[in-house]
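Taking it in order: structure first as structure tokens, then the write-up.
Below, chains carry the letters A, B, ... as their sequence lines are ordered, and counting in each starts from 1. Quick note: numbers below take in every heavy atom, side chains included, and nothing from hydrogens, waters or symmetry partners.
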Amino acid sequence: MDGLVLDWFRAHARDLPWRRPGTTPWGVLVSEFMLQQTPVARVEPIWLDWMTRWPTPSAFAAASRADVLRAWGKLGYPRRALRLHAAAAVIATEHGDAVPSDVDALEALPGVGSYTARAVLAFGYGRRAPVVDTNVRRVVARAVHGAGDAGPARTRADLADVDALLPDDDATAAVVSAGLMELGAVVCTARAPRCGDCPVIAVCAWQAAGRPAYDGPRKPAQGFAGTDRQVRGRLLDVLRAATDPVERAALDAAWSDAAQRDRCLHSLLVDGLAEQHDDGRFALPA
DNA sequence: TAGACGTGGTT
DNA sequence: TAACCAAGTCT
């Protein structure tokens, strides 16, 4: 299966900015942070701007958190921006401004988990590493296990499944990893897989089984309207848009439920996404 | 370990 | 239209 994925990817890979020659491991790390739970189309312009502005970890670490959060814009989950900022500081001071190239050092960085660490190894350093994201888990669930979808993560088993698909050679394995993700992203999609365009259809266990429907547990629907996440987003939007610290009244206007608003404002302060000045006004953190 | 954590496009 | 989905991590 790896050979099929390899040939298909070489012929059909999307031209994404962070895949272009010359992208540094730092550029890859930035892209992976931004792509956590966020679609490619929304990441592209922000990533381009980011790399021009902050081409190295140390350059980025020197920026203020307010500048970082404004540059992050409405990418979502802004705590990722803060974690990337903290990770850059560690890289600059403890790793000589070079993104680590071993799993343990990478996973020790804030905001870097099992997926991101291996993605950096594979796409930043051309190394053989089982890269397991939601796309790859779906591809493996179908093509290897014949299931309709992936179901809950089985971390160790997922890593082993993907590891078994990778060729020995580092450079080739890295491309296969990119190919498996690409396959899940553009062909073996969650809702309406384009099996007619699939390079592994001849060896796909799901296809062979007659494409049975997924029968495992469904992840609970994640609401948004009315949640603290929405309120935090509203409050942060006010702070991002303001050039000067804002009065509490400006934040009060962003959400009518006072108790929820206060709770969310407090949580933003605790998370380091906002701060209160001595005069009582609020702003993005310095 | 289940749930929190942003945002917006698609079906 | 409401629900689903998008290159996860942390607690």
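The pair A/Asp237-A/Arg234 does not count as a salt bridge, with every side-chain nitrogen at least 4.0 angstrom from each carboxylate oxygen. A/Asp161 and A/Arg137 are not joined by a salt bridge, as no carboxylate oxygen comes within less than 4.0 angstrom of a charged side-chain nitrogen. A salt bridge links A/Arg20 to A/Asp15: at least one charged side-chain nitrogen sits closer than 4.0 Å to a carboxylate oxygen.
Here the P atom of nucleotide B/dT7 and the CZ atom of A/Arg80 are 10 Å apart, to the nearest Å. Regarding A/Phe33, its CZ atom lies at a distance of 16 Å from the C1' atom of B/dG6, rounded to whole Å. Atom CZ of A/Phe224 and atom P of B/dC5 are 11 Å apart (whole Å). Remark: P of B/dG6 and CZ of A/Arg229 are 7 Å apart, rounded to the nearest angstrom. The interatomic distance linking A/Leu75 (CG) with B/dG8 (P) rounds to 10 Å, in whole Å. Here B/dC5 presents its P atom at 17 Å from CH2 of A/Trp72, a figure rounded to the nearest Å.
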Query raised in the report: How does protein reach along nucleotides 4-11 of chain C, written 5' to 3' as B (base within reach of a heavy atom under 4.0 Å), S (only sugar-phosphate), or - (no contact)?
Result: BSBBBSS-

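When only modelled atom types and interatomic distance are considered, A/Tyr115 and A/Gln36 share no side-chain donor-acceptor pair under 3.5 Å. Side chains of A/Arg80 and A/Thr38: a donor on one and an acceptor on the other come within 3.5 Å. Residues A/Arg127 and A/Ser101 have side chains that never bring a donor and an acceptor to within less than 3.5 angstrom of each other. Between the side chains of A/Arg19 and A/Thr23, not a single donor N or O lies within less than 3.5 Å of an accepting N or O.
The gap from the P atom of B/dG3 to that of C/dA7 amounts to 23 Å, rounded to the nearest Å. Rounded to the nearest Å, the gap between the C1' atom of C/dC4 and that of B/dG6 is 16 Å.
At B/dG8, one or more side-chain N or O atoms of A/Lys74 fall inside 4.0 Å of OP1 or OP2 (strictly under the cut-off).
Contacts of A/Asp271 with the nucleic acid, taken as non-hydrogen atoms under 4.0 Å apart, are absent. Backbone-only engagement by A/Arg240 is indicated by non-hydrogen atom pairs under 4.0 Å involving sugar-phosphate atoms exclusively. Within the nucleic acid shown, A/Leu236 has no heavy atom closer than 4.0 Å to any nucleic acid atom.
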